[in-house]
Amino acid sequence: MTRDEIKDVILEIIEDIDEDAEFDNLDADAPLRDQLDLDSMDFLDIVMELRKRYQLQIPEDEYPELASLTSCVNYLEPKLKDA
Amino acid sequence: MQRPDSERIVITGVGLAAPGASSLQEFRANLLAGKSGVSTLDLRYMGVHPAGLCSFNETKYRKKRENKRGTRAGCIGVYCANEALADAGLGEDDYDRAATGVYLGLTEHGTVETENEVYNISQFDYNVDYWTHHHNPRTVLNNPAGEITMNLGITGPHYSIGAACAAGNAALIQGVQMLRLGEVDLALCGGISECTGSFGIFASFKSQGALAEHPDPTRASRPFDMERNGIVISEGGCVFTLERLDRALARGAKVYGEIAGYGMNSDAKDFVLPHGPRQQQCMELALKRAGMTPAEITIINTHATGTRQGDVEECAAIRATFGDHPVWVNNTKSHIGHAMGAAGVLELAANLPSFSDHLVHPTINLDQLDPDCALEGLVSGQPRQLDRVGAILNNSFGMLGINSVVIVKSFMAN
């Protein structure tokens, strides 16, 4: 997957959690939780959805890698290069 | 035996979701028209069966994302609680949320969520890494009541009353007791059922030979009829606002009726089979607490679910309790099926309008009355117009032999 495709997947998963999520003014480098109405359970939903879609097992100590949209893409790019 | 107004408990608001109705007005209109709310459900592993399903505005009081995170029971509960408060004229600034209790009757909870999650991991070779982190908050027994408190910002107590199919009445009784104890000033109490989501509940009734079948689903729920063959499983909910009379009068609340008395007891006998003599004792206990005689009851709303023995046992108990006293008898499950934990309260709500319209809603699907269920005042097919309705006795019984009776009387100020 390309970086843009990974970004779209993340936004799609968030939209599935909260259909009212607004992405227009999203700062890709700032924490998602500061900009969107997401709590820790929503965050675990993102982790679970990545596991279901791509059999990705993300260790708990690596959860901080998913903080912002850019860090998500950076972290997932090598893992999803063949997806 | 007149209590002071500070100990008299009245119903001031009703919110409900029933098969075929999402308000008391709609529900009552269906009942008087003899219109069944039962349809069919194609359920995992079970195929198509008659079932009572609710249609209401699920996003009227909370967002879709909250419905996805929570449970069906929570979704129904939030709708019913908000509707009850609105009906009671209680806006968000009109009541003390720290002095409000939420007491919900549940037959069971967590069955649907657990079945869904087992199915989910079956798609991943039973790898529990795919088991949802939402499982525990969804399945704790206080879930539906807790979802209501989160939605409304209520900080008083909330919990569930587990009392099988007597749970709705049991929660109502809990509300009465907590108000009388002064623990709360407002009680949101009632019952909820999401059990149409559980194949296991259908399968268990089927294995027991107690799951209703009929080519026409609207005719499947037929208590007291010779051709009855079991229970129609329904989802639903009903929440009442209960208040002490002095406070209700002080704020000019409308009063649907006064909880005159109640009784609860146990058969101490069998896991599933009901026991008429203990049901009789329960009705007598409620009458005694109400300080009323059988002659003062106008309507008995029966629990009868459409099983062979259950209906007969209850009719025998009613005969034994009421003797020759004339009393009108009806059954709400014939219209909506068995809403389990919500049954007692939905069925009470079904009859509350009788205090103002003086009609007894009919029992439907009663084509050939079982002689063992023949009760003198059984209202069948058409509503019965009366001059006055003084009191309603509401029966609700459940598995493991739990019996509950609530008597509501027409409200009369001193």
Side-chain angles (χ1 to χ4, degrees), chain A residues 1 6-26 30-69 72 75-76 78-80 82-83, chain B residues 44 56-75 77-79 82 109-110 112-153 155:
Chain A
M1 290 174 79
I6 294 170
K7 185 187 83 173
D8 288 345
V9 163
I10 296 295
L11 295 180
E12 183 187 304
I13 292 172
I14 293 172
E15 196 168 18
D16 193 44
I17 294 167
D18 182 7
E19 62 181 8
D20 297 327
E22 287 283 345
F23 301 131
D24 290 350
N25 299 314
L26 196 67
L32 289 164
R33 281 178 62 176
D34 293 352
Q35 305 176 77
L36 299 168
D37 185 17
L38 296 175
D39 62 20
S40 60
M41 295 293 269
D42 295 319
F43 185 76
L44 289 172
D45 278 336
I46 298 172
V47 172
M48 179 63 85
E49 195 58 26
L50 289 168
R51 188 178 299 152
K52 285 184 175 177
R53 289 188 187 198
Y54 308 110
Q55 293 75 53
L56 266 183
Q57 289 286 10
I58 302 173
E60 198 173 337
D61 58 3
E62 293 176 14
Y63 287 176
E65 303 286 347
L66 303 178
S68 73
L69 199 51
C72 274
Y75 175 72
L76 294 171
K79 297 181 186 300
L80 296 177
D82 298 324
Chain B
R44 181 195 305 143
F56 58 94
N57 185 350
E58 295 173 15
T59 52
K60 188 172 179 181
Y61 300 110
R62 70 176 186 181
K63 291 179 178 175
K64 196 173 170 184
R65 65 175 298 187
E66 290 160 324
N67 286 331
K68 279 167 76 174
R69 172 180 285 197
T71 62
R72 177 69 174 165
C75 178
V78 165
Y79 176 80
N82 278 277
H109 183 72
V112 172
E113 293 73 23
T114 305
E115 287 180 8
N116 286 346
E117 218 45 46
V118 171
Y119 177 77
N120 171 50
I121 64 165
S122 76
Q123 307 303 298
F124 299 94
D125 198 24
Y126 293 99
N127 182 342
V128 293
D129 288 346
Y130 292 91
W131 189 272
T132 181
H133 46 284
H134 294 296
H135 179 74
N136 290 347
R138 281 177 182 158
T139 59
V140 287
L141 196 55
N142 62 317
N143 166 280
E147 289 198 30
I148 290 172
T149 61
M150 287 193 292
N151 175 260
L152 285 162
T155 57

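The chains referred to below are lettered A, B, ... by the order of the sequence lines, with proteins before strands, and numbering in each begins at 1. All figures in this text were calculated on a predicted structure; none of them were measured in a lab.
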| message | Counting only heavy atoms from other residues, nucleotides and ligands, does the tally under 6.0 Å from CD of Glu60(A) exceed 12? | response | no
| More than 12 heavy atoms of other residues, nucleotides or ligands under 6.0 Å from OH of Tyr119(B): is that the case? | no
| request: Apply the test side chain to side chain contact (heavy atoms under 4.5 Å, CB included) to residues Gln55(A) and Asn127(B): give CA-CA distance (whole Å), side-chain angles for both, the deciding distance (0.1 Å), then the verdict. | output: CA-CA 11 Å; Gln55(A) 293 75 53; Asn127(B) 182 342; over 6 Å; no
Between atom [atom1] of [X] and atom [atom2] of [Y], what is the distance when rounded to the nearest 0.5 Å?
X	Y	atom1	atom2	value
Asn120(B)	Met48(A)	CG	CE	7.0 Å
Asp45(A)	His134(B)	CG	NE2	3.5 Å
Gln57(A)	Asp129(B)	CD	CG	4.5 Å

| request: Return the minimal non-hydrogen interatomic distance between Arg65(B) and Asp42(A), and the atom names on each side. | output: NH2-OD2, 2.5 Å
| query | Between Lys64(B) and Asp20(A), does at least one N-O distance fall below 4.0 Å, as a salt bridge requires? | reply | no
| field | Salt-bridge present (Lys68(B), Asp16(A); N to O < 4.0 Å) | value | yes
| said: Could you go through Arg69(B) and Ile17(A), starting from their C-alpha distance and side-chain angles, then the distance that decides it, and tell me whether this counts as side chain to side chain contact (heavy atoms under 4.5 Å, CB included)? | reply: CA-CA 9 Å; Arg69(B) 172 180 285 197; Ile17(A) 294 167; over 6 Å; no
| query | So, do His133(B) and Val47(A) sit near enough that their side-chain heavy atoms are less than 4.5 Å apart? | reply | no
| remark: Honestly, the part of Tyr130(B) sitting under 4.5 Å from a heavy atom of chain A is both
